[in-house]
Amino acid sequence: MASTIGHCEIYFYDGFAKLGRILIMDENQRGKGIGEQMVTLLLQYIFENRKERNIELNVFDFNVGAQKCYEKVGFILNPDKKYLREVDGETWTALNMVLNLEEWKNKN
């Protein structure tokens, strides 16, 4: 019987593609490169099936593992965009990361 390891989504709007809700649900499966594989597959799908070439995602500043995963794939921090979100009485900061799909494809 197969089980779900993770989840991810793509949103398309105004010429951009936004990756979201990227999650490896089983904590024992984290840190094994699965997130990197998921993001790479999403980028390949967009490159082959869509016209959007500017990709972005948001990641909470405390999620260093996810940030490193996205940087490995080729995303860079966009210092001009940050989002604040109230969660259970705390303020969480989401950082914006961007990638140009043409540049990514040329490197890979």
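For the numbers below, each heavy atom of this structure counts, side chains included, while hydrogens, waters and symmetry mates do not.
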Salt bridge (charged side-chain N to carboxylate O under 4.0 Å, His left out) against R50, all qualifying residues, sequence neighbours excluded: E52

All pairs passing side chain to side chain donor-acceptor pair (under 3.5 Å) where residues 11-21 contributes a residue, at least two apart: E9-Y11, E9-R21, Y11-R21, Y13-E56

Verdict with reasoning, L41 to Q44, per side-chain contact (heavy atoms from CB on, under 4.5 Å): CA-CA 5 Å; L41 288 170; Q44 287 174 343; 3.5 Å; yes

Name the atoms and distances for all side-chain donor-acceptor pairs under 3.5 Å in residues 66-74, with sequence neighbours left out.
from, atom 1, to, atom 2, distance (Å)
Q67, NE2, F60, O, 3.3
Q67, NE2, D61, O, 2.8

Contact list for residues 22-58, test ring-ring contact (aromatic ring centres under 6.0 Å, His included), sequence neighbours left out: none

Pairing residues for L23 by the side chain to side chain contact (heavy atoms under 4.5 Å, CB included) criterion, not counting sequence neighbours: M25, R30

Sequence-distant partners of Q37, side chain to side chain contact (heavy atoms under 4.5 Å, CB included), two or more places apart: none

Side-chain hydrophobic cluster, 4.5 Å single linkage: members besides V98: I76

Within residues 14-41 or reaching into it, pairs that qualify as ring-ring contact (aromatic ring centres under 6.0 Å, His included) - sequence neighbours excluded: none

Name every donor-acceptor pair, under 3.5 Å, that has one atom in a side chain of residues 89-97 and the other anywhere in the protein, sequence neighbours excluded.
from, atom 1, to, atom 2, distance (Å)
E90, OE1, W92, NE1, 3.2
T91, OG1, E86, OE2, 2.6
N96, OD1, N78, ND2, 3.1
N96, ND2, N58, OD1, 2.9

All pairs passing salt bridge (charged side-chain N to carboxylate O under 4.0 Å, His left out) where residues 31-44 contributes a residue, at least two apart: none

I5 CD1 to Q29 CD distance, which is reported to the nearest 0.5 Å: 5.5 Å

Residue pairs fulfilling salt bridge (charged side-chain N to carboxylate O under 4.0 Å, His left out) with at least one residue in residues 93-108, sequence neighbours excluded: R53-E102

Pair L99-L101, side-chain contact (heavy atoms from CB on, under 4.5 Å): steps then yes or no: CA-CA 6 Å; L99 177 141; L101 205 49; 4.0 Å; yes

